[in-house]
Amino acid sequence: MELNERVEQVLKEAFPHLDIRAEADFRSIVTLSGECTSWQELIDVGHLAAKVDGVRNIVSRMTVKGLEIPKKDYSETVRKGREIGVIDEADVVVVGLGITGCGIARELAKYDLKIIAIDMRDDVGAGATKANNGGVHMAGMVKPGTLKAKMSVRGNYLYDQWAKDLNFEFVRLGHLHYITDINDIDGLVEIFTTAVKNHDRGPQMLDGPQTLAMAPGIKEVMQDDPVASCWTPTQAKVHPYQVCVALAENAADNGVRIMLNCELGDVLTEDGQITGIVTEKGIIRTKYLINAAGLYADEISEMAGDACYTLHNRKGTIAIYDKDKPPATKQLAMRYRPNLKKNVESKGGGTDQTPSGNILMGPSATEVPDKEDIDTTQEDLEYTLNRNDNPAITPADIIRIYAGARPADFKEDYVIGMSELTHGLINAGAIQSPGIGSAPGVAEMVEGILLEDMKQNGRTVVRRPDWNPIREKKVKFAELSREEQAALIEKNPAYGRVICRCETITEGEILDAIHSSVVPTSIDAIKRRTRAGMGRCQGGFCQPRVLEILARELGMDWVEVNLKGRNSTVLKEENR
Amino acid sequence: MKEYTCIVCPRSCRITVEEKDGELVITGNTCKRGYEFAKNEYTDPKRMLTTTVKVTGGVLPRIPVISTQEVPKDRLEDCLKVLYGLELKAPVQYGEIICENILGTGVDIKASRTLQAK
Amino acid sequence: MKEIRTDITVVGGGPAGLAAAVEAKRQGAEKVLLIERDFELGGVLQQCIHDGFGLHRFKRRMSGAEYAQKFIDECEASGVEVFTDTMVLEITKDRELYACNSTDGMMHIQSGAIILAMGCRERTAGQILLLGARPSGVMTAGSVQRYINMEGYLPGTRAVILGSGDIGLIMARRMTLEGIQVEGVYEVMPNPGGLTRNIVQCLEDYNIPLHLSSTVSFVHGRDTLEGVTVAKLDENRKVIKETERYVPCDLLVLAVGLIPENELSKGAGIELDPKTRGPVVDQDFMTCVPGIFAAGNVAAVFDLVDYVSQSAEIAARGAVKFIRGEKKADAPLCDVKLDGNVNFVIPQKVEASFEGTREFFMRVKKPDAETVLQCTTEGEPCGRALYQRVAPPEMLACEVSGVKNGDLTISVAPRG
């Protein structure tokens, strides 16, 4: 039986009420069409089809009865871009400046290539990157043999160097999955064997006393009696947006042209070769397009003539707790919950923590049809709050709730590689969890693919002698000793003016962020770089001051300063 | 007939005022002060006026002002329009009269703080 | 690092800090230092341009800014040393402070006594678990008030207000006067949170509807606020789905409560009362750390600024006694006992040897009419006040004298 027939048969058995047609191309990319009764059903159909033996990936043309699936309209962007005409030419264009795109741009900056990196939002890392649990994950939860597993392990390994060169906060705290009922031991063993199969470094099974010796807080705070645990020391934590900014700044310092508020509207090709892109800021000529456009990577691949996957937004809701209630353990300790693991593609996260010492709960995992939907809902919030293992915290300790997007395809694996249909298009798509940790691995892989292709096409690429891998450490006033703080203020009085009282962020740090190679223009962009406004008062006191500094330094009027993204001004007009 | 919530004391009586044959009939009050309150609200309601006025050259771009007495309620909006049209120069001293006898109401508007020059 | 020694250091230059500093001077303290993080003194009063302040103390209707000005002038005249634009970073249990600013750099301040007067902050969207999107245009009432009344900018054109506490009501009127259309005020509780006077003069005067047992159940708008879903709540405060209604707006004002700012207090090891969320204090408003006092909203959220000033003056007198060695660091303390309709009292404790007269402040658990506030010591009355009506938003104050052996019981109960 042909692949498409097998897929249709499997779907008919599982969803007898639906009429889903499948077409397969020479690469075993299967395109599904037909009408489903709900969004979740469409997702289930796609997932099931992707599991059929031989299917490489799924493109969905399916519809949902009574639901208009939101679709991005690029026509205005294309019109604007074409009107402006060609504005620049590059060897490589990277589209999407999340952690994946920034990582790629930063690594490629080593070479004598002209690189332009664009993003539709007003800041780097402002899409999927900004809202997740910041895990640089151990490899006990990722399916062996997948590209995801390979990238995750490699990325995790490379993170030490990234952290050293780029000076972002990086805490390798290790993960302790523990159980309180010995009957759940199989689950732990599975984590352990998965980690071993993935060549994770140093996983260990521990008994109850060993577990408590390592993490007494499990008993003292979480009031659990662990009988066994799986210790995976490679688990680490970052602030993902911080990593992203560091990568982007280093890329820019090494000559990458970064263009923000620059949406891509179309991809230009000739005879199966990339020739350029149309953006809202004009046309850019290029032979290589690296597609790291997060949730929109599938659409961009299709614009380039290669529809080879479909992305769906798996939304995750997260709650952040006041630092006042510190995490129970130094390690990331989570009670293994066997009932959460069955029949779901992603179970989401649990009682977690940030490098700044806030407890973080979640994320949840809910499929939504709108790629821009990061609304928090009652159901998702309840799910997230129910994941709490720590009786010392209550919802009253929460200072912020938010949701983020995961760009998932139906194969639930990464799509990284040179397109077989359009030469010059390199996909780095479907990078979802563990995407933060995978970023260095993905960057390295894409770098290899590009260089190899350039070599085969007779382009010799050499390393730039002046490439500087170091992005200097930024001042973090709150972490200094009183003497160091005193010396710093003496050198530069701006460090003596505390703007954000909750996180103790000074004007000097905000000025450092503004006068950097990737200029933040919104209040949230300042927040992600400096933590001003991230504390318990959530900017209640410091927002007017941050706004004032931004307006002053960037020569804007107060009513022009955005909170986040375009058209999100904090103030509308002057008083009467 | 008009109904008022008395704000003289926390009891918050609902007081009604009716005009019958040119006479005011006030009911629902439980004290004399409530009676007076309702009568005033019916015949000549007044309110304190507070807003801000534009200032140039000061540490802040606006200065708060307050009326020296209550202003007839139906004149508030007109008074505000006058004040929104003003532009002061810092420094301004607390108590300084910003607008004398505003719109002939007999009420002055004064600065309710001191605002230093930048 | 600059080394500074003071008799008394006051942290925070709002109404509490100003009153404390002035009173400390009046009581004869020599070197009194007042530290304020904003560029000027006055704290939140500078953005409270409306009248209604000082009724108890000055027997007239003043605006918040006027009330502050009175104290600022006194403060300047009395020789209090003031540091503005200065942030206190840390307070130790040994009465040392670290503070910094741009001109003096880092300062190490050793004090005979410290008065905490940091005030409070507002509850935010995150703390009330507001659902939906997180666009611009969702702001706390205090932030809106600052933007409009001090910075001179309007953050919206059509507003919905969540919370009917006094700040929410005041802002409803203020925004209306500035030309912002206020669609309505939504209150989760079945009773309004603010004073009747404000309901009448801020809402009824301008025909702004007040929706009780209602909330904002969802926020819409990706980057900027487009509207909110509002809904009625059932008796368990759950949203009644059928009552949900979409209201277009570009400003959602949150007036959903205040929290005393006690991060510095916690750092100094000061014990907090889970009810007031402020330090547990004795009759002089001294915390459990000897020589560190708490005044005003840092101790408990007060409804009237007059009470804030009063509590600060008590604390200042206590602090002066402390530096003179007239107040013991380790006097045995007794809990003030509560009875009837009393939710909390501040001060929570009295010294066993306490003599003289002091003011106590309390809030009731539920509204009631024709009540009596009764203070007793060893079965004898030692303070009493009558109220026609009591309600949780309105604080009660009572003078207490003649407490014997630290035995003080305060009760609020129906008369007769």
Side-chain angles (χ1 to χ4, degrees), chain A residues 319-320 324 372-378 381 385 395-403 478 482-483 485-490 493-498 501-502 504 506-507 522-523 536-541 543-544 547-548 558-559 562-576, chain C residues 1-2 37-38 85-87 89-90 98 100-108 121-122 124-127 129-137 139-140 142-143 146-157 177-180 217-225 239 250-251 259 261 263 266:
Chain A
I320 300 282
D324 205 35
E372 292 292 314
D373 177 358
I374 47 168
D375 294 344
T376 49
T377 63
Q378 187 68 41
L381 184 63
L385 300 188
D397 299 309
I398 293 171
I399 61 168
R400 176 83 168 166
I401 55 172
Y402 57 88
R482 298 285 172 235
E483 287 72 25
Q485 289 172 336
L488 190 65
I489 302 170
E490 215 152 286
Y495 293 114
R497 187 172 175 228
V498 177
R501 60 173 78 162
C502 302
T504 319
T506 63
E507 180 165 17
S522 70
I523 292 189
R536 51 182 69 89
C537 94
Q538 289 287 298
F541 291 106
Q543 193 195 66
L547 195 150
E548 182 180 24
W558 280 42
V559 294
N562 283 319
L563 177 70
K564 52 191 281 190
R566 308 179 213 192
N567 312 318
S568 65
T569 60
V570 175
L571 304 171
K572 308 300 175 197
E573 58 189 330
E574 277 195 41
N575 277 16
R576 272 175 71 177
Chain C
M1 202 176 316
K2 209 163 166 176
R37 59 194 159 206
D38 211 337
D85 257 326
T86 304
M87 186 69 87
L89 301 173
E90 183 186 348
Y98 290 92
C100 69
N101 65 30
S102 290
T103 44
D104 303 280
M106 185 64 70
M107 293 171 273
H108 176 231
R121 64 169 180 271
E122 297 177 277
T124 66
Q127 281 157 347
L129 305 181
L130 188 66
L131 296 173
R134 293 162 300 286
S136 70
M139 264 185 225
T140 57
S143 297
R146 171 138 193 147
Y147 276 127
I148 297 180
N149 291 349
M150 292 180 77
E151 321 279 3
Y153 287 97
L154 306 180
T157 58
L177 293 182
E178 281 295 334
I180 297 174
S217 61
F218 212 79
V219 174
H220 305 270
R222 295 280 179 254
D223 289 336
T224 197
L225 182 65
V239 166
D250 60 2
L251 180 60
I259 303 169
E261 282 249 281
E263 280 58 46
K266 284 180 206 165

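Residue numbering restarts at 1 for every chain, and letters A, B, ... go by the order of the sequence lines. All values below come from the heavy atoms of this structure, side chains included, with hydrogens, waters and symmetry mates left out.
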**Study point:** Per-residue contact mode, M106(C) against chain A (heavy atom under 4.5 angstrom)
**Key:** both
Check your understanding: At a heavy-atom separation under 4.5 Å, does R146(C) approach chain A through its side chain, its backbone, both, or neither?
Key -> side chain
**Study point:** Top contributor to chain C interface from L563(A), T504(A), L571(A) [non-hydrogen pairs under 4.5 Å]
**Key:** L571(A)
Exercise for review: Identify which of P544(A), G565(A), A319(A), G539(A) forms the greatest number of heavy-atom pairs closer than 4.5 Å to chain C.
Suggested key: P544(A)
Quick check on [X] against chain C: is it the side chain, the backbone, both or neither that has a heavy atom closer than 4.5 Å?
X       : answer
E507(A) : neither
L547(A) : side chain
T569(A) : backbone

Give, for atom [atom1] of [X] and atom [atom2] of [Y], the distance between the pair rounded to the nearest 0.5 Å.
X       : Y       : atom1 : atom2 : answer
T224(C) : K564(A) : OG1   : NZ    : 10.0 Å
Q127(C) : D397(A) : CD    : CG    : 9.5 Å
R222(C) : N567(A) : CZ    : CG    : 15.0 Å
E178(C) : E574(A) : CD    : CD    : 11.0 Å
R566(A) : D223(C) : CZ    : CG    : 9.0 Å
D375(A) : L131(C) : CG    : CG    : 9.5 Å

On a heavy-atom basis, which atom in [X] and which in [Y] lie closest, and how many Å separate them?
X       : Y       : answer
G126(C) : I398(A) : O-CG2, 3.9 Å
S102(C) : P493(A) : OG-O, 2.8 Å
T376(A) : L130(C) : OG1-O, 3.9 Å

Largest heavy-atom contact set with chain A, pairs under 4.5 Å, which of [options]:
options                            : result
Y98(C), Y147(C), F218(C)           : Y147(C)
L89(C), T140(C), V219(C)           : L89(C)
M150(C), K266(C), E122(C), M139(C) : K266(C)
D85(C), L225(C), L129(C)           : L129(C)
G221(C), G152(C), G156(C), A133(C) : G152(C)

Is there a donor-acceptor contact under 3.5 Å from the side chain of [X] to the main chain of [Y]?
X       : Y       : value
R576(A) : L177(C) : yes
R134(C) : I374(A) : yes
S136(C) : V570(A) : no

Check your understanding: Does a sphere of radius 6.0 Å around CD in E548(A) hold more than 12 heavy atoms from other residues, nucleotides or ligands, not counting ones at 6.0 Å or beyond?
Key -> yes
Review point. Which of parallel (below 30°), tilted (30 to 60°) and perpendicular (above 60°) describes Y153(C) and W558(A)?
Key: parallel
Practice item. Kindly indicate whether the side chain of R482(A), heavy atoms from C-beta on, has any atom under 4.5 Å from the side chain of H108(C). Key: no
Point to revise | Side-chain heavy-atom pair R37(C), V498(A) within 4.5 angstrom cut-off | key: no
Check your understanding: Do K572(A) and D250(C) meet the salt-bridge criterion of a basic N to acidic O distance under 4.0 Å?
Key -> no
Check your understanding: Can you list the residues that meet the salt bridge (charged side-chain N to carboxylate O under 4.0 Å, His left out) rule with R536(A), with sequence neighbours excluded?
Key -> D322(A), E263(C)
Review point. Do T157(C) and E573(A) pass the side chain to side chain contact (heavy atoms under 4.5 Å, CB included) test, and can you show the C-alpha distance, the side-chain angles, and the key distance before you say yes or no?
Key: CA-CA 9 Å; T157(C) 58; E573(A) 58 189 330; 4.0 Å; yes
Study note, to complete from the structure: Sorted by chain and number, sequence neighbours left out, side-chain hydrogen bond (donor to acceptor under 3.5 Å, both in side chains) with N575(A) holds for none
